[in-house]
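Below: one structure, written as structure tokens.
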Amino acid sequence: MALTGRTALLAALGALVVGLLLPGWTGIFAVQLTLLAAILCDLSLAAPVRKLQFTRTGDTSVRLGDAVPTHLTITNPSGRPLRADLRDAWPPSAFHHGTEFAASRHRVRVPAAERRRVTTTLRPTRRGEHHAVRVTVRSYGPFGLAARQGSHHVPRAVRALPPFTSRKHLPAKLARLRELDGRTSILTRGEGTEFDSLRDYTPGDDTRSIDWRATARQQTVAVRTWRPERDRHILLALETGRTSAGRVGDIPRLDAAMDATLLLAALASRAGDRVDLLAYDRRVRAAVNGRTARDVLPAITDALTPLEPELVEADARGLAAAIRRSAPRRSLIVLFTGLDAAPVEEGLLPVLPGLTRNNEVIVAAVADPHIESMARSRHTPADVYAAAAAERTRAERLRTAGRLRSLGVTVVDATPARLAPDLADAYLALKASGRL
């Protein structure tokens, strides 16, 4: 049982009246008895909490940062109307910052033997599963003097998926892919290795594309057109060790890598290539293999959703072995890792020759945009020192990238906003040059 502020107010007013009209203990005792009788009467008329029934409906997944309504239906099987305050409790990470109190509390009125529905709007701020905690109901009597209170466990889970903000770049990349694939009139020699058709020569065409036999059979010069080869294997390998936990702006490096992974998976599956996923630090954290073009993007999204960085040093040799098991034949290996000099020189460089021997390898790294702004600022002595540190950091990254390129690796080093489109461009460039 819970007493309300109205009860305290009535008790104070009663004591004041007794003090003025009926001095002594007799009057006070009479007020207490009257108030107690009113409380008990009010409590007996409040709808019971334990008999309430609850059901949940609504979407069970949402992109990180988007809103999702979850519906809770309250059924009142008793013969008394329910007047109640209800709290539909979820973890704080299921709500936008500062909105948990207002979003999770509801005032409900449910007549006897009827049902009503309330809606709690979630806006998750972290990826992964968010589980409902409990439903707490405080049922008031008609006078509002006392209330019954109880809690119910009504299970429900909402899955917060990666936001995939880079999907806005997908139409432009697909248009470029259609050009390479021969679905538009812009189709030139060198953009692919698979013969497509013959057409008349136009100024600017590569003379190596002239088909002399076809030219001899007709009165105009004929050139061959080419399209990218299809059904290539692409392995997206995410290193989930401690370097992936570093925050760049408002997000961890791993989240930026996930966004680029989703864009490249969507683009490559549309290109007819087979896409697999591997996440590794000291063991395999997630893997997607052998999915069809229709199923690969949802499967990768589900695999990435619960993935979090592990605060351990990644095992480069174990990662290379896992990559070779996942890509036994010639493949494009896209490795999402850092460009910090020590981890690359001690861990990645010794194992790269074994990967580049039979595969095309792209190393994708997340650059900190704050470094660029530090390097440009020279207004005060402190800014000059910061700019010098930024220039040193950039020089180290360039030197590390140069060592990777000397082993035949394509390096994409970009800020979180540019990593996904730049990586997609690198993939299209490989297809255009016939290297994939």
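Starting from 1, each residue takes its place in the sequence as its number. Side chains included, hydrogens not; waters and symmetry mates left out as well; all remaining heavy atoms used.
- Judged by distance alone, with hydrogens and angles left aside, the side-chain atoms of Asp276 form a donor-acceptor pair with the main-chain N or O of Gly290 at under 3.5 Å.
- The two atoms that bring His169 and Ala417 nearest to each other are NE2-O, 4.4 Å, heavy atoms only.
- Between Ala316 and Val351, the closest heavy-atom pair is O-CG2, 4.1 Å.
- In this structure, Thr99 OG1 and Arg123 CZ are separated by 8.0 Å, a value rounded to the nearest 0.5 Å.
- For the atom pair CZ (Arg127) and CZ (Arg159), the distance works out to 10.5 Å, reported to the nearest 0.5 Å.
- Side-chain contact between Leu174 and Arg270 is present, with at least one heavy-atom pair separated by less than 4.5 Å.
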Going through the distances and angles, do Ile74 and Phe54 end up as a side chain to side chain contact (heavy atoms under 4.5 Å, CB included)?
-> CA-CA 5 Å; Ile74 308 105; Phe54 300 90; 3.7 Å; yes

When you look at Thr243 and Arg253, which way does the side chain to side chain contact (heavy atoms under 4.5 Å, CB included) test go after all the steps?
-> CA-CA 8 Å; Thr243 57; Arg253 281 186 166 89; 5.8 Å; no

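- The shortest heavy-atom contact between Ala256 and Leu419 is O-CD2, 4.0 Å.
- With a 4.5 Å cut-off on side-chain heavy atoms, Asp259 and Pro163 do not count as touching.
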Should Glu396 and Leu339 be marked as a side chain to side chain contact (heavy atoms under 4.5 Å, CB included) after you check the CA-CA gap, both sets of side-chain angles, and the distance that decides it?
-> CA-CA 9 Å; Glu396 288 180 352; Leu339 281 185; over 6 Å; no

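- Interatomic distance, Ile234 CD1 to Leu236 CG, rounded to the nearest 0.5 Å: 7.0 Å.
- Using a 4.0 Å cut-off between charged nitrogen and carboxylate oxygen, Glu100 and Arg87 count as a salt-bridge pair.
- If you run salt bridge (Lys or Arg N to Asp or Glu O under 4.0 Å) between Asp413 and each of Arg418, Arg405, Arg397, only Arg397 comes through.
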Run the side chain to side chain contact (heavy atoms under 4.5 Å, CB included) check on Leu404 and Leu349 step by step: do they pass?
-> CA-CA 7 Å; Leu404 293 173; Leu349 286 178; 3.7 Å; yes

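- Side-chain atoms of Ser78 come within 3.5 Å of backbone N or O of Arg80 as a donor-acceptor pair.
- Classification of Asp425 and Lys173 as a salt-bridged pair holds, one side-chain N sitting under 4.0 Å from a carboxylate O.
- Under a cut-off of 6.0 angstrom, the local environment of CZ in Arg126 is sparse, with at most 12 non-hydrogen atoms contributed by other residues, nucleotides or ligands.
- In terms of modelled atom types and a separation under 3.5 Å, the side chain of His152 and the main chain of Val49 share a donor-acceptor contact.
- Separating the CD1 atom in Ile251 from the CG atom in Leu64 is a distance of 10.0 Å, to the nearest 0.5 Å.
- Counting heavy atoms from C-beta outward, Thr136 and Gln149 have side chains that approach closer than 4.5 Å.
- Counting heavy atoms from C-beta outward, Leu262 and Arg167 have side chains that stay 4.5 Å or more apart.
- The heavy-atom pair separating Ala47 from Arg148 by the smallest distance is O-CD, 3.6 Å.
- Leu307 and Leu254 make their closest contact through O-CD2, 4.3 Å (heavy atoms, listed as atom of the first residue, atom of the second, distance).
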Given the rule in the side-chain hydrogen bond (donor to acceptor under 3.5 Å, both in side chains) test, do Thr337 and Glu239 qualify, once you have shown the distances and angles that lead to the verdict?
-> CA-CA 5 Å; Thr337 187; Glu239 185 259 290; 3.1 Å; yes

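- Considering Thr73, Thr70, Asp88 in turn, Asp88 is the only one that fulfils the side-chain hydrogen bond (donor to acceptor under 3.5 Å, both in side chains) rule with Arg56.
- Inter-residue side-chain proximity for Pro111 and Arg116 is flagged as met; some heavy-atom pair is nearer than 4.5 Å.
- Of the candidates Thr119, Thr120, Thr57, Thr119 is the only one forming a side-chain hydrogen bond (donor to acceptor under 3.5 Å, both in side chains) with His71.
- Two residues are said to be in side-chain contact when any heavy atoms from C-beta on lie closer than 4.5 Å; Ile323 and Leu235 meet this criterion.
- A salt bridge is absent between Glu310 and Arg282: the closest approach of a Lys/Arg side-chain nitrogen to an acidic carboxylate oxygen does not fall below 4.0 angstrom.
- Atoms OG1 and CZ, on Thr55 and Arg117 in that order, are 9.5 Å from each other to the nearest 0.5 Å.
- Within a 6.0 Å radius of CZ in Arg105, more than 12 heavy atoms belonging to other residues, nucleotides or ligands are found.
- Atom NE2 of His370 has 12 or fewer neighbouring heavy atoms from other residues, nucleotides or ligands inside a 6.0 Å radius.
- Among the candidates Val118, Asn76, Asp85, Val137, the single residue satisfying the side chain to side chain contact (heavy atoms under 4.5 Å, CB included) test with Val108 is Val118.
- In terms of heavy-atom proximity, Met374 sits nearest to Ala386 at CE-O, 3.3 Å.
- For the pair Asp273/Lys431, a side-chain contact is recorded, criterion being any heavy-atom separation below 4.5 Å from C-beta on.
- For CZ of Arg392, the number of neighbouring non-hydrogen atoms (other residues, nucleotides, ligands) closer than 6.0 Å is 12 at most.
- Counting only residues at least two apart or in different chains, salt bridge (Lys or Arg N to Asp or Glu O under 4.0 Å) contacts with residues 311-324 comprise Arg242-Glu313.
- Here the side chains of Arg63 and Thr301 are in contact, with some heavy-atom distance below 4.5 Å.
- Remark: Leu263 CG to Tyr427 OH distance equals 11.0 Å, nearest 0.5 Å.
- Shown here is Arg134, whose CZ atom has no more than 12 heavy atoms of other residues, nucleotides or ligands within 6.0 Å.
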